[in-house]
Engineer: 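Here it is, the structure in full.
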Amino acid sequence: MAVQDSPHVADVALDLAPAKPVTNTTAKPVHRLPVQIDWPTWAIVTTQAGILVGIIGLWEAAATTSVIDAFFWSQPSAIWHTLKIFFTTGDAWTDISFTFRSTIFGFLLGTAAGSLLGLSFWWSRNYAAIVQPYIICLESIPKLALAPLIILVFGIGLGSKVAVATALTLVVSTLTAYAGVKALDPDGEKLFYSLGATRWQVFRKLVVPFCLPWIISVLRVNIGLALTGAIVGEFIASQHGLGRAILYAGQTYDIALVWVAVLVLSTLAIIMYAAVSWLESLLRKGTRQ
Amino acid sequence: MLSSPPKLYVDNVCMTFKTATGVFEALVPVTLSIPSGRFVSLIGPSGCGKSTIFNIIAGLLEPTAGKVLIDGVDATGTIGRVGYMLQKDLLLPWRSVLDNVILGMEIQGVPLREARERALSLLQRYGLSGFEYLYPSTLSGGMRQRAALLRTLLFDTDIILLDEPFGALDAQTKLQMQEWLMQLWSDFGKTVLFVTHDVEEAIYLSDEVHVMGTRPGCILESILIMLPRPRVRTSSLTPEFIAIKEHCLNLLTASAPALPEAA
Amino acid sequence: MHASSTDGTATPKVELRNVNLRYFSLEGETEALRDTSFSIAPGEFVAIIGQSGCGKSTLLSLISGILKPTDGAVLVDGKLVNGPSRKVGYMLQQDYLFEWRTILENAVLGAEIQGANMTTAREHAKQLLTKYGLGQFLHHLPRQLSGGMRQRVALARTLCTEPEIVLLDEPFAALDSQTRIALADEVTEILRREGKTAILVTHDIGEAISMSERVIVLSRRPGRVKSEHSIRFATSDGLRPNPFSARSAPEFNGYFNALWKELEVHVEG
Amino acid sequence: MSKANSATLASASPQYRNWLQRNRRDQIFVRVTQLAVLLVLLILWEVLPKAQIINPLFTSYPSMLWPTFLELLTATPQQASILSHTLSTVVATVIGFAAAMVLGTTIAATLWWWNSLYKVLDPYLVVANAMPKTAFVPIFYIWLGATLSIYGMSLAISLFVTILMIYSGFQSIDPNKIKLAQSFGASKGQILRKVVLPGSVPTLIATLKVNAGLSLVGVVVGEFQSANLGLGYLIQYGSQIFKMNIVMTAVTILAIVSSVMYLAISWLEAVVMRRR
């Protein structure tokens, strides 16, 4: 290779080396490292905004010129109009508050109970072995399928929505906290015991702080699940809530209202998601000082 | 030999990185001239830019100034010219040892059959027979390093760069691997550039040791090791060896920043 | 300096009498140690070397009281060991500093667990950390420190509970060789000065020779004592040289070669 | 019980025999307790409603499951057989998650290839991922009709998770492995084919596990609203006419279906991971 690439005969001695088992036959083409050109931030932001504006503009134009059926798809101007009505004379705040409360209660209840349950598996291998198949069974059932049943038992009020949201978040938290317990390095426990620690001390000073990152990591997933639980609960039977608004508008073919309710719901979802992400980063800082 | 250019010539290479806090000088002009078939070591404290030099020679990093010449031809910024073994073995867990070893040839477009044939005979000769079809996860640290080294050798370049290949091994395995490497080097006659933390290892293996300093990275001194070859373990007991070792350690301690130091 | 023979008149600090240890699993039983006996005098520094998996670390777990022998007896100060004791400090291979605690909080962990007076413990830990050159890092987090510094914190944590016996399980294995030599020097010096009895388990023959007064070689699994070697260096002041100078002492190579042969090192494969 | 064969047992030390015995006792204890818990739950479920301590209207009885299942097996003019319901749910789930895997991986690879595109789409992906997809069930029904809307929901619910998970899997490949391939002169396509894709197989399988569950949820929720076919429909229908035995039977079958899917993926995982 060297010989072919360069006019200098650089290395006669090497090529004649008798012990060399592999001889160079292929000439290697010269490659350079592929260079990636990153767009500047302004170009990225402009494109991002452009996509949004483009979609809205096209949609409006297509609906006005009857390229798409405005009855089925509605159009941005009609949605804007409905949005104003929804907030001024409609039930916007009642619905938002209902959905928000179901979600938060379910989230808190499910996460707290689930994490404690998961951590408790550290205490006894037998106890964990006994309870585990039930937890896995609960994991494998799509909990949302139980929603009609839960609504039946808990009634059509706030309680049933909280129950659905709790059912969804509880199992995830349990399994995640248990995963943390299983990831404990036995040497860490060894160190504690070599210092003469009791089981309770190991739990408090090692197991809980060690598993906290796991418990925290599941918060963002859980807020989404709790919201889904609340919405599906409202689909099945409810008098309030954004989920009910979407369902009701769909059934009456008020597509603009469906869009409005979906939009408001998505905004709520993103705000809650962002809040939990912020909480998460705060907790992460807190637990590691 | 005098008229021919060195196998590898690192010509006044500088490297500065832009960071949030300003400009960081990783390397001030570094020049290395390495004749064909030499075994050359770089030693120095962490952060002295050893890995930066390697990345530049391998073409993975463009130097701020200076050139890399291979056989007298400008090879700055071209990849696939030298065999580069990184610090970790980086064996791909989804490939058998054999298929890991031929990765370089495969990327260069050598037909699989031919590549496997070439690799098989080498694996058998250099202590990996019986391991060809196993997956890396079943191998010990020493075996993994052997596979990684053979992968580098089979890439079939005249120059190979070894970045602390034995750093993660336990003391005994490390000694065995050094013997094994010496064997390979004398069989293949490659030009080797070797980075290590271990002064004794550097002297024991090399024809020439470059001691590096830090902040910014530079070469403090180049020391020719005139000890006779083949070397044996007892070479390290000779007064010459000890003298060189002490000299190196003195250079390193003089240049090292006062401990302790936050990472 | 100390009587290294087992028939000494004084009670040995640590004694193992015909210790057997088997690990049980569903796949079968593994014999880690067979009929192992030795004793260690107060203030002695002993190294234990052997191939990987020969039961070196198991020995330390036995002495610390975390494991119980299947047969035989482990004694500290002539008394049977039956559980972790405050007399024994254990330094593991990994530094095992907890990320959610500051350096100082990590160092006082032992005192905290043992319910000692925290104000004094904190003072003591501060003194130790300052002595080891970590005075300005008391409130840093472990991940802000380099490997060598982390090991020094682990040492401070071990010594903070004032153990009489210090067990070192390959404490430098994860460090690069320059840091390793420097830290070995420091640790040996500290342990000697404070008159601790120390047991070092290591892979590294050089480390064993340069740090200890006696080297015990374990055979392959099941581990048993294969041989013992007293390490002595002739020095002008009659004191032991520090590990760094021990490495270049004329006796070093003789010991090295003898132990190298003992370990029956073969090329793997 | 144990894998220790008789030959090793014969030579086993008394302590080991003791240990094995204790271990065996523990295992038996665990199994017995598990069964006992199950039995107690079933008995409570059977007895409490019968004794009118809890309202049987809400709970049905475990003894009703099997008769109800047999009853539902035969199709009537108003009601399809329970087998058709099950099949419909399974087909929609598989279509949805298979489509999500293929589409998601392709999109993730494109984003890996073209980093600026990723930066542009990143906020949209995050928003789409945070949105409760189930809220779209009514609109999907209007746009896509009864059957397609269920497939659509099944795809929509798992697509964005797939893209984000696989993309972050691509990102988490050890950069040194990429560097290694580059030092051999590899092109971007070679890096994708030889390092990034095979290295992401564990991520792909993890995604598959998440998706199977998600798609099933999407299908069931879709069926609540729209279909006259599917297990979700059966659950909703049963609860509306207060026939709890239908609901319980359908939920049980759903649990079996989802366990089978989970086991199938775990088996696939074991097969793939055996080579690592």
Side-chain angles (χ1 to χ4, degrees), chain A residues 28-31 33-34 36-39 41 43-44 47-48 51-52 72-73 125-126 129-131 133-134 137 139-149 151-153 220 224 227-228 230-232 235-236 242-243 246-247 249-251 253 255 258-259 261-262 265-266 269-270 272-274, chain D residues 26-27 29-31 33-34 37-38 55 57-59 114-116 119-124 126-127 129-139 141-143 182 185-188 213 216-217 219-221 224-225 231-232 235-236 238-240 242 244 247-248 250-251 254-255 258-259 261-262:
Chain A
K28 284 173 188 144
V30 174
H31 285 296
L33 205 59
Q36 179 139 35
I37 302 150
D38 281 337
W39 293 7
T41 315
I44 286 169
T47 322
Q48 280 168 348
I51 291 173
L52 194 64
F72 269 115
W73 298 92
R125 246 178 302 154
N126 280 347
I130 291 167
V131 182
Y134 292 96
C137 189
E139 192 206 8
S140 73
I141 305 178
K143 266 82 54 193
L144 276 176
L146 297 174
L149 196 71
I151 304 281
L152 217 60
V153 175
R220 269 186 293 171
L227 183 60
T228 306
I231 301 288
V232 172
F235 277 173
I236 290 162
L242 293 167
I246 293 170
L247 185 74
Q251 280 164 350
Y253 282 82
I255 308 297
V258 174
W259 275 118
V262 166
L265 180 64
S266 303
I270 288 153
M272 287 198 293
Y273 186 83
Chain D
D26 276 1
Q27 281 198 359
F29 169 74
V30 166
R31 292 272 171 268
T33 319
Q34 275 170 356
V37 171
L38 183 67
N55 190 347
L57 201 60
F58 289 156
T59 58
W114 188 10
N115 193 34
S116 297
K119 281 193 187 148
V120 168
L121 292 185
D122 179 44
Y124 291 102
V126 171
V127 166
N129 190 42
M131 275 201 289
K133 262 75 65 184
T134 41
F136 286 81
V137 166
I139 314 194
Y141 185 57
I142 293 169
W143 288 344
Q182 281 171 343
S187 66
K188 203 156 186 181
L216 189 59
V217 166
V219 169
V220 169
V221 174
F224 282 167
Q225 299 308 318
L231 291 171
I235 291 168
Q236 173 75 342
S239 68
Q240 274 168 355
F242 276 89
M244 272 311 110
V247 177
M248 288 301 182
V251 168
L254 200 58
S258 88
S259 307
M261 281 192 341
Y262 187 86

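Order of the sequence lines sets the chain letters (A, B, ...), proteins ahead of strands, with each chain counted from 1. All values reported here derive from a predicted model rather than from experimental measurement.
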Engineer: Measuring only between side-chain heavy atoms, which start at C-beta, is D:Met248 closer than 4.5 Å to A:Leu149?
Structural biologist: yes
Engineer: Answer yes or no: is there a side-chain heavy-atom contact under 4.5 Å between A:Leu152 and D:Phe242?
Structural biologist: yes
Engineer: Sort out for me which of D:Val126, D:Val221, D:Val137, D:Val247 touches chain A most, counting heavy-atom pairs under 4.5 Å.
Structural biologist: D:Val221
Engineer: How far apart are the closest heavy atoms of A:Ala145 and D:Phe224, and which atoms are they?
Structural biologist: CA-CZ, 4.0 Å
Engineer: Looking only at non-hydrogen atoms, find the nearest pair between A:Gly250 and D:Ile142 and report the distance.
Structural biologist: O-CD1, 3.7 Å
Engineer: On a heavy-atom basis, which atom in D:Lys119 and which in A:Gln48 lie closest, and how many Å separate them?
Structural biologist: O-NE2, 2.8 Å
Engineer: Looking only at heavy atoms, which two atoms of A:Ser266 and D:Met131 are closest? And how far apart?
Structural biologist: OG-SD, 2.8 Å
Engineer: Between the main-chain N or O of D:Val120 and the side-chain N or O of A:Thr47, is there a donor-acceptor pair closer than 3.5 Å?
Structural biologist: no
Engineer: Tell me, side chain or backbone of A:Leu52 under 4.5 Å from chain D's heavy atoms, or both, or neither?
Structural biologist: both
Engineer: Looking only at heavy atoms and a cut-off of under 4.5 Å, which of D:Gln182, D:Lys133, D:Arg31, D:Met261 has the most pairs with chain A?
Structural biologist: D:Gln182
Engineer: Compare all side-chain heavy atoms of D:Phe136 with those of A:Ile246 and state whether any distance is below 4.5 angstrom.
Structural biologist: no
Engineer: Side-chain contact, heavy-atom cut-off 4.5 Å: A:Arg125 with D:Asp26?
Structural biologist: no
Engineer: Can you tell me how far CG of A:Asn126 sits from OG1 of D:Thr33, rounded to the nearest 0.5 angstrom?
Structural biologist: 8.0 Å
Engineer: Select, from D:Val220, D:Ile139, D:Asp122, the one with the greatest count of heavy-atom pairs under 4.5 Å involving chain A.
Structural biologist: D:Ile139
Engineer: Given A:Val131 and D:Val37, is the side chain to side chain contact (heavy atoms under 4.5 Å, CB included) satisfied, shown in steps?
Structural biologist: CA-CA 9 Å; A:Val131 182; D:Val37 171; over 6 Å; no
Engineer: Nearest heavy-atom pair of A:Tyr134 and D:Leu38: which atoms, and what distance?
Structural biologist: OH-N, 3.0 Å
Engineer: Who wins among D:Ser239, D:Ala135, D:Gly185 for the most heavy-atom pairs under 4.5 Å with chain A?
Structural biologist: D:Ala135
Engineer: Tell me which of these, D:Val251, D:Leu121, D:Asn115, has more heavy-atom pairs under 4.5 Å with chain A than the rest.
Structural biologist: D:Asn115
Engineer: Quick check on A:Leu146 against chain D: is it the side chain, the backbone, both or neither that has a heavy atom closer than 4.5 Å?
Structural biologist: side chain
Engineer: With respect to chain D, which residue among A:Ile231, A:Ile151, A:Leu247 yields the maximal number of heavy-atom pairs within a distance under 4.5 Å?
Structural biologist: A:Leu247
Engineer: Apply ring-ring contact (aromatic ring centres under 6.0 Å, His included) to D:Trp143 and list each qualifying residue two or more places apart in sequence or on a separate chain.
Structural biologist: A:Trp73, A:Trp259
Engineer: Check each atom of D:Val30 against the heavy atoms of chain A and say whether the ones under 4.5 Å are side chain, backbone, both or neither.
Structural biologist: both
Engineer: Between atom CG of D:Leu216 and atom CG of A:Leu144, what is the distance when rounded to the nearest 0.5 Å?
Structural biologist: 10.0 Å
Engineer: Quick check on A:Val153 against chain D: is it the side chain, the backbone, both or neither that has a heavy atom closer than 4.5 Å?
Structural biologist: both
Engineer: Does CZ belonging to A:Phe72 count more than 12 external heavy atoms closer than 6.0 Å?
Structural biologist: no
